Amino acid sequence: MTPSFSIWGEAQPRLFLQPVWDYVLSKEHIIRSPFYPVLFSFTVYMAFCLPYLALDILCLRIPALKKYQVQPKSRPTLAMVLHCLAHTVYSHLVFIFPLSVAYWYWRPVQLPSLAPELHRVVLDIIACMLLFDFQYFAWHLLHHKVPWLYKTFHKMHHKYTATFALATQYSSPWEMLSLGFFANVSPVMLGCHPLTEMAIFIIHIYLSVENHCGYDFAWSTHRLVPFGLCGGPGHHDLHHQKFVWNYAPYFTHWDKLFNTLARQTSKEPHD
């Protein structure tokens, strides 16, 4: 009886995620394709952007929605949206696709039969998000403090001082590839399960889009995470307005330590 109990005890933490992972494995032929990374990236990104783009249109007809906007007097024009969309498609085809194919060749997809344990997934996600937050904070601060770096590589991302969803990936190739490298290297360094890597990738895209969406809701991530640990849309929008504050992408501790944290105090949560 003891061995059976031991086997059950080891398998039980995986039961919650095993059906999810079994479904992923059923799509193994798609995941192993060299086209999968770029298609997955673009699809997830657009899926998160589209609801906010719909809100931008609805705000024209439903003025009550403006109370949720970080900058109610600003809105993206059709030309701005199409320009950013074209840039995103171009970047995915010209830069992300070739590199993702090279990565696919260099690091063939390995899909284990067992799902990761839930607690390990949670810990790995937290660790990767914290590591990425530090990496990007250092990169971001450096590219603001060194004029040549800012003008050459980062200034493009500051074209829009009022953020909107599709402005998330409006950046230079160097910036996009740097952030992609940071996002991908952390799970590899920590030996994360492929399911965890997928979850981390989706969370990165969601939080990045949320930070640029231009809307602050009661369910925004920074309102759900206690103690002011996360910045949120207003936090990052203020960076696009002022340029000299709020360099960290998700959390606030690095900006607090370096005295670069600023908050918008006039915006109240809405139900």
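This is a predicted model, so every value here is computed, not measured. Side chains are part of it too, since the values below use all heavy atoms of this structure and drop only hydrogens, waters and symmetry mates.
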Gap between atom [atom2] of [Y] and atom [atom1] of [X] - 0.5 Å precision:
| X | Y | atom1 | atom2 | value |
| --- | --- | --- | --- | --- |
| M176 | S171 | CE | OG | 4.0 Å |
| F48 | C213 | CZ | SG | 12.5 Å |
| R120 | L123 | CZ | CG | 8.0 Å |
| T43 | I205 | OG1 | CD1 | 9.5 Å |
| C230 | D133 | SG | CG | 8.5 Å |
| L85 | M80 | CG | CE | 13.5 Å |

So, [X] side chain and [Y] main chain: donor-acceptor pair closer than 3.5 Å or not?
| X | Y | result |
| --- | --- | --- |
| H157 | S172 | no |
| S220 | R223 | no |
| W21 | P112 | yes |
| D216 | V70 | no |
| S186 | F182 | yes |
| N246 | H236 | no |

Short side-chain donor-acceptor distance under 3.5 Å, [Y] and [X]:
| X | Y | value |
| --- | --- | --- |
| T221 | E210 | yes |
| H158 | H144 | yes |
| H92 | S41 | yes |
| H222 | H235 | no |
| Y170 | H83 | yes |

Within 6.0 angstrom of [X] [atom1], more than 12 heavy atoms from elsewhere:
| X | atom1 | answer |
| --- | --- | --- |
| K145 | NZ | no |
| Y90 | OH | no |
| F134 | CZ | no |

Exercise. Report the C-alpha distance between Y136 and L179 in whole Å, list the side-chain angles of each, state the deciding distance to 0.1 Å, and finish with yes or no for side-chain contact (heavy atoms from CB on, under 4.5 Å).
Key: CA-CA 7 Å; Y136 182 64; L179 302 191; 2.8 Å; yes
Quiz item: Could you give all pairs that pass the salt bridge (Lys or Arg N to Asp or Glu O under 4.0 Å) test and reach residues 39-53, with sequence neighbours left out?
Solution: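 Residue pairs with at least one partner in residues 39-53: there are none.
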Close aromatic pair by centroid cut-off 6.0 Å: [X] and [Y]:
| X | Y | value |
| --- | --- | --- |
| F132 | Y250 | yes |
| H239 | Y247 | yes |
| F201 | F40 | yes |
| F153 | W148 | yes |

Practice problem: Name all pairs fulfilling the side chain to side chain donor-acceptor pair (under 3.5 Å) condition that reach into residues 192-201, sequence neighbours left out, sorted by first residue then second. | Solution: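 Qualifying pairs, neighbours excluded: R107-E197.
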Exercise. Not counting sequence neighbours, list each pair that qualifies as a side chain to side chain donor-acceptor pair (under 3.5 Å) and has a residue in residues 51-61.
Key: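 Output for this query lists D56-Y215.
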Self-check item: Those residues that, when tested against H253, pass side-chain hydrogen bond (donor to acceptor under 3.5 Å, both in side chains) (two or more places apart)
Solution: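 Once residues adjacent in sequence are excluded, H253 has no partner under the side-chain hydrogen bond (donor to acceptor under 3.5 Å, both in side chains) criterion.
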Quiz item: How close do L195 and P116 get, heavy atom to heavy atom, and via which atoms?
Solution: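 Here L195 and P116 meet closest at CD2-CD, 3.9 Å.
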Quiz prompt | Considering all heavy atoms, the nearest C128-C192 contact | solution = SG-SG, 3.9 Å
Self-check item: ring-ring contact (aromatic ring centres under 6.0 Å, His included) between F137 and F258, intermediate numbers included
Solution: CA-CA 10 Å; F137 173 81; F258 282 80; 5.2 Å; yes
Name the orientation class of the two ring planes belonging to [X] and [Y] (parallel below 30°, tilted from 30 to 60°, perpendicular beyond 60°).
| X | Y | answer |
| --- | --- | --- |
| W219 | F217 | parallel |
| H240 | H212 | perpendicular |
| H143 | H154 | perpendicular |

Practice problem: Share the residues that join V225 in a hydrophobic cluster, the rule being Ile, Leu, Val, Met, Phe, Trp or Tyr side chains under 4.5 Å apart at the heavy-atom level. | Solution: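 Members other than V225 - counting any ILVMFWY side chain reachable under 4.5 Å - are F227, L229.
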Quiz item: Got a sec, which residues hit side chain to side chain contact (heavy atoms under 4.5 Å, CB included) with L257, two or more places apart in sequence or on another chain?
Solution: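 With neighbours one apart ignored, the set is W254.
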